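Inspection log for the structure reproduced underneath, given as structure tokens.
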Amino acid sequence: MFTLALTASTPGTGTGMATGSVILVPRAYAFSPFEAKPHSTEILNSPAFSPLKARPANTGFNSYPGHNAQDPNSKTTHSSMVYCNSDSDQNPLFNDWPQLLQISIGSGDLMLGQAIHAFLAKLGYQNDAFRGNNLVNLYGKFNKLGDAQSVFDEMLVRNTITWTTLIKGHLQVNDVESVFRIAREMYWVGEEFNEHTCSVILQACDSLENLVRGEQIHGFVIKRGFDEDVFVGTSLISMYSRCGDLGAAEKVYSNLAYKDVRCLNFMISEYGKAGCGEKAIGVFLHLLGSGLEPNDYTFTNVISACNGDIDVEVLRVLHGMCIKCGCGDEISVGNAIVSVYVKHGMLEEAEKSFCGMGERNLVSWTALLSGYVKNGNGKKALEGFSQILELGVGFDSCCFATLLDGCSECKNLGLGLQIHGFVVKLGYVHDVSVGTALIDLYAKCRKLRSARLVFHSLLDKNIVSFNAILSGYIGADEEDAMALFSQLRLADIKPDSVTFARLLSLSADQACLVKGKCLHAYIIKTGFEANPSVGNAVITMYAKCGSIGDACQLFYSMNYLDSISWNAVISAYALHGQGRKALILFEEMKKEEFVPDEITILSVLQACSYSGLLEEGFCLFNDMESKYGIKPEIEHFACMVDLLGRAGYLSEAMSFINRSPFSGSPLLWRTLVHVCKLHGDLNFGQIASKHLLDLAPEEAGSYILVSNLYAGGGMLNEAARVRTVMNDLKVSKEAGSSWIEIDNKVHQFVASDKDHPESKEIYAKLDLLKSEMKQNMIYNRTPADMSPM
DNA sequence: TTAGGGTTAG
């Protein structure tokens, strides 16, 4: 018995004859198999290049790092060193090369494979499809498609396996077009396609643009009777679900007579990805009923499929089952458990499962941290950042995106900037998910310039990154947002429901009916009107743009209504001062068995307030908790102060504030000052003002409101004093602006603005209007109101 | 005696 070692590159490797128990494959074979020129008689006759005859010296062998020549079982042996039995007088390579090739692929040792290539080249693989196929496979597995192609080209005899293996290599590097090109060539030369070939080609049809090809192959598969094959079936299921046709995938699944565990696991996973948790569990139960044994993939998939609709008890049973089946320690199962508890908002269970994991990786960490972010605890998620750093588990784009989401959640721009620096340093800056998280962070922290820079630096923008920058533009620069929307259409990125909802909200805030209508037309054209969130945003847009008729028409024509639709239309009536109609709709909503939420109640209270429906407002407020199970929040209390105040009950409004749990909040006092100003009541106004300025001394808006209250009551000196205090405290307010849209152009004005080209005419018209109002006794305020702020 | 199907975070 002697030892064979295949080593490739040790410097100083001799090429002399064997003198010991070790064969060294010459360097020339190991590195340049294509240059081995196996047909050259010169090489064939050379002992150095003849493995069958060669017994090269073991010079250099012992110098191989980590190798122990005396101990063939040494665990430190480099994968290039392969030991095998060779009692026969034949060179062991002769029989064992296929296994050695497997070792080469399995251990990632390309040089070992190249050495075998050299050996096979010498034997003349051109006349032996088996040898050539193995080499095509070798190079394909190492993503060396050029070398695989060279072997393929040199082969004189090819078969289905040769072609299939080459196709698989191209599939592995995602070169879909080469897959189809080679498949076409295969067809033209008359090579037979079998189940293996079809399942490989089907994998290349993984996007909508290749669905037609996938369907053609499906037709061919049926014609040849390959549709019974479980591999082909699984590839078809994969192809259809990746192309977004889960119905077709289901059909393939149900037509498949024999399904193995892998196929069932796959279907569970596809149902999970499609959000069909119950169906995924159905397949899982079918798997158990078929007597098949679930494995770690089964549990990872079925647990991940448990979305919010699945009862938590089911989740607990699955969790228990996977432990019982011995799959609980698998890291992917653990990660799925943590993520699914996060999905159900069960953070404590997620933490417990995370802590109970024997082994954790970056995915486990990200799953838990995303749980903190989703549950509004960005601060805790960010604490994980330092832990990940300390543990040295590394980072990836998903982890960075989650951490940045954490920064957005708690508006921690400082740490966000640090992570941005880290992202740049580690080369993740062009990643679209990281970029989108950065845009979101900067947009939320009102750093629009930074958001814009990140957005424009993204190489692959998608609709999510576009929506992120869009939300940054809301309330900032409407023109830019619309220009960006045109760019989006030019770039052929399809808008989604979020895009439309945000653009509509933009038009609504700008009260820009023409733009809103254009958007609505585009929405109808693209079929998004049926989307509930878009439909509801259209209602709100019409209401805010002053067109209550259009808002109602759309509401009554919508096929799908939810509570938000009702809230939108009730709020529309409130906004238009039609309180009675809002109340009628509220009753209708309940009759139709829609459950009112806190927004519904707020909208109805606003409707009562704007229409002076004091009694109705109070009844609803008193019923909130007992009848609707909604605890009144600060906004509801503010609404009640407004309701009482507008109705002239200022004393009651003040005692209402004092009795409320929010008497220390500036919002309620601001509301009271506002209603006092409406009534010109300086008595209560002064008390309310004192509370407001004590509670919010840094808010410029409060000083201006108080100053206007005094000015409105004729106390001009007091009004001026408040302004002086405000200036002394260096509290400044951004100039307010108003705008009007004429002939598709928005004209914007700030106080004392003289920039408009028709400024003179505009002021002249204003003066005329003021004097007319005076004459008609409509305008009965003091001159202070006329002076710009 | 070579070639085919899957898992987790966003």
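Model, not experiment: these values are computed from the prediction. Letters go in sequence order (proteins before strands), and every chain restarts at 1.
Contact annotation: side chain of A:Asn134 to base of B:dT2, donor-acceptor pair absent below 3.5 Å. Residue A:Ser332 places no side-chain atom within donor-acceptor reach of the base of B:dT8, judged by atom type and a 3.5 Å distance cut-off alone.
Considering only the side chain of A:Asn194, B:dA3 comes nearest among B:dA3, B:dT2, B:dT8. Closest to the side chain of A:Val363, from the set B:dG4, B:dA9, B:dT7, is B:dA9. Side-chain atoms of A:Val200 lie closest to B:dG4 of the nucleotides B:dG4, B:dT8, B:dA3. Nearest nucleotide to the A:Asn137 side chain, out of B:dG5, B:dG10, B:dT2: B:dT2. Taking every side-chain heavy atom of A:Gln102 into account, B:dA3 is the closest of B:dA3, B:dG5, B:dT1. Across B:dG4, B:dA9, B:dG10, the shortest atom-to-atom separation from the side chain of A:Ser433 is found for B:dG10. Minimum atom distance to the side chain of A:Lys168 is reached by B:dG5, of the listed B:dT8, B:dG5, B:dT2. Taking every side-chain heavy atom of A:Ser269 into account, B:dT7 is the closest of B:dA9, B:dT7, B:dT1. Each of B:dT7, B:dT2, B:dG10 was ranked by its minimum atom distance to the side chain of A:Ser370; first place goes to B:dG10.
Using a 4.0 Å heavy-atom cutoff across all strands shown, A:Asp260 reaches at least one base atom of the nucleic acid. Base engagement by A:Val230 is indicated by at least one non-hydrogen atom pair under 4.0 Å involving a base atom. Residue-level contact check: A:Thr197 touches neither bases nor backbone, having no heavy atom under 4.0 Å from any strand. Backbone-only engagement by A:Ser339 is indicated by non-hydrogen atom pairs under 4.0 Å involving sugar-phosphate atoms exclusively. At the heavy-atom level, A:Cys263 lies under 4.0 Å from base atoms of the strands shown. Nucleic acid contact for A:Asp296: none, since no nucleic acid atom lies under 4.0 Å from a heavy atom of the residue. Within 4.0 Å of A:Val232, counting heavy atoms only, lies at least one base atom of the nucleic acid. No engagement by A:Glu330 is indicated, since no non-hydrogen atom pair under 4.0 Å with the nucleic acid exists. Within 4.0 Å (heavy atoms only), A:Asn295 reaches at least one base atom of the nucleic acid. Base contact: A:Thr234 has a heavy atom under 4.0 Å from a base atom. Among the heavy atoms of the strands lying under 4.0 Å from A:Tyr297 is at least one base atom, whether or not backbone atoms are also near. Contacts of A:Lys343 with the nucleic acid, taken as non-hydrogen atoms under 4.0 Å apart, are absent.
The salt bridge (Lys or Arg N to Asp or Glu O under 4.0 Å) search around A:Asp128 returns A:Arg131, not counting sequence neighbours.
For A:Tyr240 and B:dG5, the OH to P distance is 19 Å, given to the nearest whole Å. In this entry the distance linking CG of A:Leu101 with P of B:dA3 reads 10 Å, nearest Å. If you take CH2 of A:Trp163 and P of B:dT2, they are 22 Å apart, rounded to a whole angstrom. Following rounding to the nearest Å, A:Asn301 (CG) and B:dA9 (P) show an atom-to-atom distance of 10 Å. Between A:Ile303 atom CD1 and B:dA9 atom P the separation is 12 Å, expressed in whole Å. Going from atom CH2 of A:Trp97 over to atom P of B:dT1 covers 11 Å, rounded to whole Å. Between the CD1 atom of A:Ile217 and the P atom of B:dG4 there is a distance of 17 Å, given to the nearest Å. Whole-Å rounding puts the A:Glu270 CD to B:dT7 C1' distance at 12 Å.
Residue A:Lys374 has no polar side-chain atom (N or O) positioned under 4.0 Å from OP1 or OP2 of B:dA9. Taking side-chain N and O atoms only, A:Gln203 has no distance below 4.0 Å to OP1 or OP2 of B:dG4.
Side chains of A:Asn159 and A:Thr162: a donor-acceptor N/O pair is present below 3.5 angstrom, by distance only. Side-chain contact of A:Asn255 with A:Asp227: a donor-acceptor pair under 3.5 Å is absent, judged by distance alone.
Geometrically, A:Arg262 does not engage A:Tyr297 in a cation-pi contact, judged by NZ or CZ lying under 6.0 Å from the ring centre and within 45° of the ring axis.
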Do any side-chain atoms of residues 377-389 of chain A form donor-acceptor pairs under 3.5 angstrom with protein atoms, and if so which ones, sequence neighbours left out?
{"unit_1": "A:Asn377", "atom_1": "OD1", "unit_2": "A:Lys380", "atom_2": "N", "d": "3.2"}
{"unit_1": "A:Lys380", "atom_1": "NZ", "unit_2": "A:Glu351", "atom_2": "OE2", "d": "3.1"}
{"unit_1": "A:Ser386", "atom_1": "OG", "unit_2": "A:Glu383", "atom_2": "O", "d": "2.9"}

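Aromatic ring pairs are classed by plane angle as parallel below 30°, tilted from 30° to 60° and perpendicular above 60°; the pair A:Trp97 and A:Phe130 is tilted.
The ring of A:Phe193 has its center no closer than 6.0 angstrom to the ring center of A:Trp163.
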